[in-house]
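All values reported here derive from a predicted model rather than from experimental measurement.
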Protein chains: 2
Amino acid sequence: MAKANIAQPFNREVQYAAKRRAVIRAAAGAFRRRGYHNTSMVWIAKSLGLSKAALYYYVKSKEEILYECHIMVYDAMDEVVKSVRGKGANGLEKLKRLYGAFAALMTRDGLALLADVDSLKGAFQTEVLGRRGKIERAVTRIVEGGMKDGSIKKADPKITVFFFMGALNWLNVWYEPGGRLSGEIIAETFVTQMSDGIAS
Amino acid sequence: MAKANIAQPFNREVQYAAKRRAVIRAAAGAFRRRGYHNTSMVWIAKSLGLSKAALYYYVKSKEEILYECHIMVYDAMDEVVKSVRGKGANGLEKLKRLYGAFAALMTRDGLALLADVDSLKGAFQTEVLGRRGKIERAVTRIVEGGMKDGSIKKADPKITVFFFMGALNWLNVWYEPGGRLSGEIIAETFVTQMSDGIAS
DNA sequence: CCACTTATTGACTTTGCGGTCGAATTTGTT
DNA sequence: AACAAATTCGACCGCAAAGTCAATAAGTGG
């Protein structure tokens with residue numbers, strides 16, 4: 001019980017976890033802007049005021065960092081999916097909430113869908129692809145629901161989903177925090193455009 | 001004059017050019033599927049039944065291949081842009097033709113928007129970014145035209161354009177030639193979804 | 001202030017891959 | 001057949017960047 005009450009800044013495990021997260025986040029930002037292979041461990045280290053060797057105190061390999069980046073995003077997305085359960089009058093309404101929240105994740109929280117899945121090997125890749133599939137299936141299910149309740153016009157669900165999910169992914173490439181276009185405006189426009197594109 | 005009439009299969013320059021193109025195309029396919037950095041020169045060579053060294057008889061560097069891949073796509077897109085000049089009753093109609101043709105490029109001709117611009121350096125990168133900007137501006141101009149003539153609902157043109165261009169790019173990731181979903185179906189659905197999303 | 005754990009480092013090793021080169025082989029020409 | 005030009009190859013080099021490790025500094029509890 002003693003340890004449990006120590007204030008966070010003086011709790012070593014908490015500090016370690018926080019620093020580890022900082023490493024992941026620093027890397028995630030760099031990966032998003034310049035890609036996985038164009039970002040070196042030295043660069044990540046320097047951006048945190050550390051040496052490369054120190055990084056390996058927090059992570060096992062560069063690949064593990066990339067893996068964690070993906071997991072971070074999918075965790076957040078799972079959370080969003082859970083939060084729209086039961087909400088919304090129909091499939092389309094539910095989807096609008098979901099999509100808006102996804103857009104917010106990208107712009108507000110700096111979380112980006114990474115495309116470098118092929119740089120992951122073995123179990124890492126398998127799990128990330130699994131998580132991606134899970135999200136896709138969840139979104140597809142909502143879309144199918146909307147097609148059934150008549151709020152979304154009938155079409156192949158897969159194409160429908162990948163269309164607007166693709167738009168989201170491309171955000172990584174051109175969105176710059178603090179730029180002319182605020183995250184709110186983007187999210188709003190995206191939701192409208194998505195919604196009008198598929199409403200019946 | 002003598003040389004000019006030689007049949008193509010016996011004309012060395014033509015053969016050289018054809019082989020060079022084959023190298024670019026083989027690489028383009030691999031880059032699209034597994035990414036630039038996950039594709040080695042040895043792999044490209046073997047996929048053509050050659051040794052790595054032979055590749056360098058046709059190209060100066062791996063970076064040059066990536067550069068040519070980009071140029072190939074932008075040339076095709078410029079062609080599409082030119083082909084819709086004057087066509088279509090209004091901005092939206094023009095855009096639908098354009099977008100459909102873009103989708104066809106991706107699915108039918110296997111041309112893919114590469115995202116690895118950051119792997120290009122110096123002049124290569126500058127030119128590719130220039131070409132990309134040119135296309136974006138052309139598309140944006142059409143969209144703005146549509147907003148003026150009332151066929152497209154008013155919104156920030158940049159967001160509007162990036163939304164549906166992003167969807168196009170994401171095709172690379174999931175579209176598989178010969179799969180359940182034909183290029184025609186995809187192109188058709190994409191055009192509808194794009195159009196309904198922005199029509200006024 | 002001492003013993004011990006946690007953090008961090010500089011210097012080194014390893015490795016995968018792009019790129020080069022001279023030689024060999026194939027192809028085309030007279 | 002002989003020669004030249006176009007192709008292709010095996011073997012090698014260089015380098016950037018991932019990853020290791022022994023040494024050390026910083027922090028903590030007694």
Side-chain angles (χ1 to χ4, degrees), chain A residues 1-24 26-27 30-31 34-69 116 118-122 124, chain B residues 2-3 5-24 26-27 30-31 34-69 116 118-122 124:
Chain A
M1 281 296 111
K3 280 267 173 82
N5 288 341
I6 300 177
Q8 303 235 331
F10 297 101
N11 183 326
R12 281 201 143 138
E13 287 177 35
V14 172
Q15 286 304 300
Y16 178 89
K19 286 181 184 176
R20 193 185 133 97
R21 255 199 318 278
V23 170
I24 312 282
F31 291 169
R34 301 202 313 277
Y36 178 67
H37 291 284
N38 296 316
T39 305
S40 74
M41 290 297 271
V42 174
W43 192 94
I44 298 171
K46 284 219 178 118
S47 81
L48 293 164
L50 290 177
S51 73
K52 177 178 55 160
L55 250 44
Y56 286 88
Y57 184 66
Y58 297 100
V59 295
K60 220 177 89 342
S61 67
K62 188 185 180 187
E63 203 186 338
E64 188 186 84
I65 299 184
L66 181 58
Y67 168 77
E68 295 278 15
C69 289
D116 286 295
D118 298 285
S119 303
L120 292 170
K121 284 176 273 202
F124 278 154
Chain B
K3 280 271 174 84
N5 287 343
I6 298 177
Q8 302 235 330
F10 297 102
N11 182 325
R12 280 204 145 132
E13 287 177 36
V14 171
Q15 286 304 301
Y16 179 89
K19 287 181 184 175
R20 192 185 134 97
R21 254 199 317 277
V23 170
I24 312 282
F31 291 170
R34 303 203 311 278
Y36 178 67
H37 290 283
N38 296 317
T39 305
S40 72
M41 289 298 271
V42 174
W43 192 96
I44 299 172
K46 284 218 177 118
S47 82
L48 293 163
L50 290 176
S51 74
K52 178 177 58 164
L55 249 45
Y56 286 87
Y57 183 65
Y58 298 101
V59 294
K60 219 175 92 335
S61 69
K62 189 186 182 187
E63 203 186 338
E64 188 187 83
I65 299 183
L66 181 59
Y67 168 77
E68 295 278 15
C69 289
D116 286 294
D118 298 285
S119 304
L120 292 170
K121 284 175 269 196
F124 278 153

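Taking the centre and axis of the six-membered ring of A:Tyr67, the NZ or CZ atom of A:Lys60 falls outside the cone set by 45° and 6.0 Å.
Nearest heavy-atom pair across B:Phe31 and B:Cys69 is CD1-SG, 4.1 Å. When all heavy atoms of B:Ile44 and B:Thr39 are compared, the pair lying nearest together is CG1-CG2, 3.8 Å.
Between the CE atom of A:Met41 and the C1' atom of C:dG16 there is a distance of 17 Å, rounded to whole Å. Summarising the geometry, the separation between CD on A:Glu63 and P on C:dG16 is reported as 13 Å, rounded to the nearest angstrom. Between B:Lys46 atom NZ and D:dC9 atom P there is a gap of 11 Å when expressed in whole angstrom units. Look at OH on B:Tyr56: it is 4 Å from P on C:dG19, rounded to the nearest Å. Atom NZ in B:Lys121 sits about 12 Å away from atom P in C:dG18, given to the nearest Å. As a whole-Å value, the separation of B:Asn38 CG from D:dA18 P is 14 Å.
Helix bend of the helix from C:dC1-D:dG30 to C:dT30-D:dA1: the angle between its two end axes, each built from five pairs, comes to 10° after rounding to 10°.
Looking at heavy atoms from C-beta onward, A:Glu64 lies out of side-chain contact with A:Tyr58 at the 4.5 angstrom threshold. Using a 4.5 Å heavy-atom threshold, the side chains of A:Leu66 and A:Glu63 count as separate.
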N/O-N/O pairs, protein side and nucleotides 7-11 of chain C side, under 3.5 Å:
residue: C:dA7; atom: OP2; partner: A:Tyr57; partner atom: OH; Å: 2.6
residue: C:dT8; atom: OP2; partner: A:Tyr58; partner atom: OH; Å: 2.5
residue: C:dT9; atom: OP2; partner: A:Ser51; partner atom: N; Å: 2.7
residue: C:dT9; atom: OP2; partner: A:Ser51; partner atom: OG; Å: 3.2

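Side-chain contact check for A:Ser119 and B:His37: no donor-acceptor pair (N or O, by modelled atom type) lies under 3.5 Å.
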A:Lys19 vs A:Tyr57, side chain to side chain contact (heavy atoms under 4.5 Å, CB included): CA-CA, chis, key distance, verdict
CA-CA 10 Å; A:Lys19 286 181 184 176; A:Tyr57 184 66; over 6 Å; no
Tell me, with the steps shown, if A:Tyr36 and A:Ile65 meet side chain to side chain contact (heavy atoms under 4.5 Å, CB included).
CA-CA 10 Å; A:Tyr36 178 67; A:Ile65 299 184; over 6 Å; no
